[in-house]
Amino acid sequence: MSRPVAVVTGSSSGIGAAITESLLANGWAVCGISRRAVTHESPYYSHYQADLTDTAQIERAVTSILESYSATAAKDCEIQALINNAGVGHFAPHEGLSLTQIEALTKVNLLAPLILSKLLLRTLKATHGSIINISSFSAHENSSFGAAYAATKAGLRHFGNSLFEECRKSGLRVTTISPDITRTPFYDALSFAPEDDENAAITPQCVAQVVMDVLNQRAGTVTTEIVLRPQRLLLKKGLRK
């Protein structure tokens with residue numbers, strides 16, 4: 001039986017893990033790319049270890065994926081989606097960020113999706129597949145103490161919209177999903193986090209459901225942008241890390 005394949009970055013935790021579990025539960029095979037290996041309870045999950053700040057490691061991972069699915073054993077499987085989910089966050093007055101932090105923000109949040117999209121674009125155009133970029137609500141607003149983070153996410157959003165215009169005639173679909181504050185380990189190393197109120201944050205499963213809705217949309221209709229926000233804005237600030 002034919003089984004669609006998705007490449008998912010940051011599949012080891014948070015939103016990426018939820019997206020991966022949802023894809024597997026809905027009949028997809030998943031190639032997860034992350035630094036940290038993780039086991040999902042499915043024979044259709046494969047992990048490819050790569051540091052997304054390293055272009056050579058990204059290229060090696062994609063080459064391995066493409067070789068795997070060009071093999072005879074995988075002839076009934078097609079790579080039909082790339083989900084650029086992995087991201088890092090550093091928040092401080094801009095002058096307080098280290099050069100290493102700025103470099104990591106730019107490489108993981110923006111450069112890696114550009115490179116992955118380039119490496120898989122020919123394949124995804126041939127399968128009339130989808131690229132889904134997980135951006136952030138920060139891409140839509142001015143962000144004090146998060147100027148660099150917001151810039152990378154705004155760049156990712158603009159890239160997605162521009163790539164769709166460039167490739168729409170091929171049948172490629174490109175969607176940007178911009179979640180606001182989401183209850184994940186993303187905040188474990190930050191000085192702020194959502195309050196415990198269940199309405200103060202969206203869940204990774206909410207984002208995963210939207211990903212599935214996008215992938216299941218009828219051919220010929222493309223949702224290019226989706227913004228997800230919690231019902232209430234309640235933050236705990238000044239946390240010691």
Side-chain angles (χ1 to χ4, degrees), residues 1-52 57-87 108 112-134 160 163 167 170-177 179 184 203-219 222-223 226:
M1 185 179 77
S2 179
R3 183 176 293 269
V5 180
V7 178
V8 181
T9 64
S11 59
S12 59
S13 65
I15 292 173
I19 291 171
T20 297
E21 291 292 340
S22 185
L23 286 163
L24 293 170
N26 283 276
W28 286 68
V30 176
C31 299
I33 300 178
S34 63
R35 280 190 303 179
R36 182 167 62 87
V38 64
T39 300
H40 290 274
E41 298 300 320
S42 170
Y44 299 107
Y45 177 77
S46 303
H47 180 256
Y48 296 81
Q49 191 164 10
D51 181 345
L52 293 180
Q57 290 190 37
I58 296 172
E59 189 171 15
R60 282 197 295 270
V62 172
T63 298
S64 295
I65 291 168
L66 292 174
E67 287 176 349
S68 296
Y69 285 95
S70 64
T72 303
K75 65 181 180 180
D76 291 330
C77 297
E78 290 185 332
I79 298 173
Q80 294 187 15
L82 165 63
I83 301 172
N84 288 309
N85 161 78
V108 176
L114 267 64
I115 291 171
L116 284 157
S117 298
K118 181 266 185 299
L119 294 174
L120 289 166
L121 195 56
R122 183 173 296 177
T123 297
L124 291 169
K125 288 166 73 173
T127 61
H128 295 177
S130 298
I131 295 176
I132 299 176
N133 296 318
I134 307 299
L163 187 64
C167 299
S170 72
L172 179 75
R173 301 189 293 179
V174 185
T175 300
T176 300
I177 300 174
T184 71
T203 70
Q205 290 72 28
C206 293
V207 183
Q209 180 59 59
V210 171
V211 168
M212 295 311 307
D213 291 344
V214 168
L215 292 173
N216 291 328
Q217 195 161 38
R218 64 169 287 274
V222 182
T223 302
I226 299 173

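The heavy-atom pair separating Arg36 from His47 by the smallest distance is O-NE2, 3.4 Å. Shortest non-hydrogen contact noted between Gly160 and Thr176 is CA-OG1, 4.2 Å. Shortest non-hydrogen contact noted between Ile132 and Val214 is CD1-CG1, 3.9 Å. Among all heavy-atom pairs drawn from Tyr44 and Trp28, the shortest one is CB-O, 4.1 Å. When all heavy atoms of Arg35 and Asp51 are compared, the pair lying nearest together is CG-CA, 3.5 Å.
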Exercise. So Gln209 and Asp213, side chain to side chain donor-acceptor pair (under 3.5 Å) or not? Walk me through it.
Worked result: CA-CA 6 Å; Gln209 180 59 59; Asp213 291 344; 3.0 Å; yes

Problem set entry | Criterion side chain to side chain contact (heavy atoms under 4.5 Å, CB included) on Leu121 and Cys167, from CA distance to verdict | CA-CA 9 Å; Leu121 195 56; Cys167 299; 4.2 Å; yes

For this session: Would you sort out whether Leu23 and Met212 count as a side chain to side chain contact (heavy atoms under 4.5 Å, CB included), showing the intermediate values?
Result: CA-CA 7 Å; Leu23 286 163; Met212 295 311 307; 3.7 Å; yes

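In this structure, the separation between CD1 on Ile83 and CG on Leu215 is 5.5 Å, given to the nearest 0.5 Å. Ser64 contributes atom OG, which lies 9.5 Å from atom CD1 of Ile33 (distance to the nearest 0.5 angstrom). Rounding to the nearest 0.5 Å gives a distance of 7.0 Å between CG of Leu124 and CD1 of Ile79. Annotation: the span from Leu82 atom CG to Ile131 atom CD1 amounts to 5.5 Å, rounded to 0.5 Å. Note that the CG atom of Leu172 and the OG1 atom of Thr123 stand 11.0 Å from one another [nearest 0.5 Å]. Rounded to the nearest 0.5 Å, atoms CD (Gln80) and CG (Leu120) are 13.0 Å apart.
Judged purely by atom type and a 3.5 angstrom limit, His128 uses its side chain to pair as donor or acceptor with the backbone of Ser170. The closest donor-acceptor contact from the side chain of Arg3 to the backbone of Gly27 lies under 3.5 Å.
By the side chain to side chain donor-acceptor pair (under 3.5 Å) test, Arg218 pairs with Thr221, sequence neighbours left out. With sequence neighbours excluded, no residue forms a side chain to side chain donor-acceptor pair (under 3.5 Å) with Gln49. Checked against side chain to side chain donor-acceptor pair (under 3.5 Å), Gln205 has no partners two or more places apart in sequence or in another chain. The side-chain contact (heavy atoms from CB on, under 4.5 Å) test applied to Glu21 returns His40, not counting sequence neighbours. Take Glu59 and apply the side chain to side chain donor-acceptor pair (under 3.5 Å) test, not counting sequence neighbours, and it matches no residue.
With a 4.5 Å cut-off on side-chain heavy atoms, Val211 and Ser22 do not count as touching.
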Donor-acceptor pairs under 3.5 Å, side chain of residues 5-19 to any protein atom, not counting sequence neighbours: which ones?
from	atom 1	to	atom 2	distance (Å)
Thr9	OG1	Asn85	N	2.9
Thr9	OG1	Ala86	N	2.9
Ser11	OG	Tyr45	OH	2.9

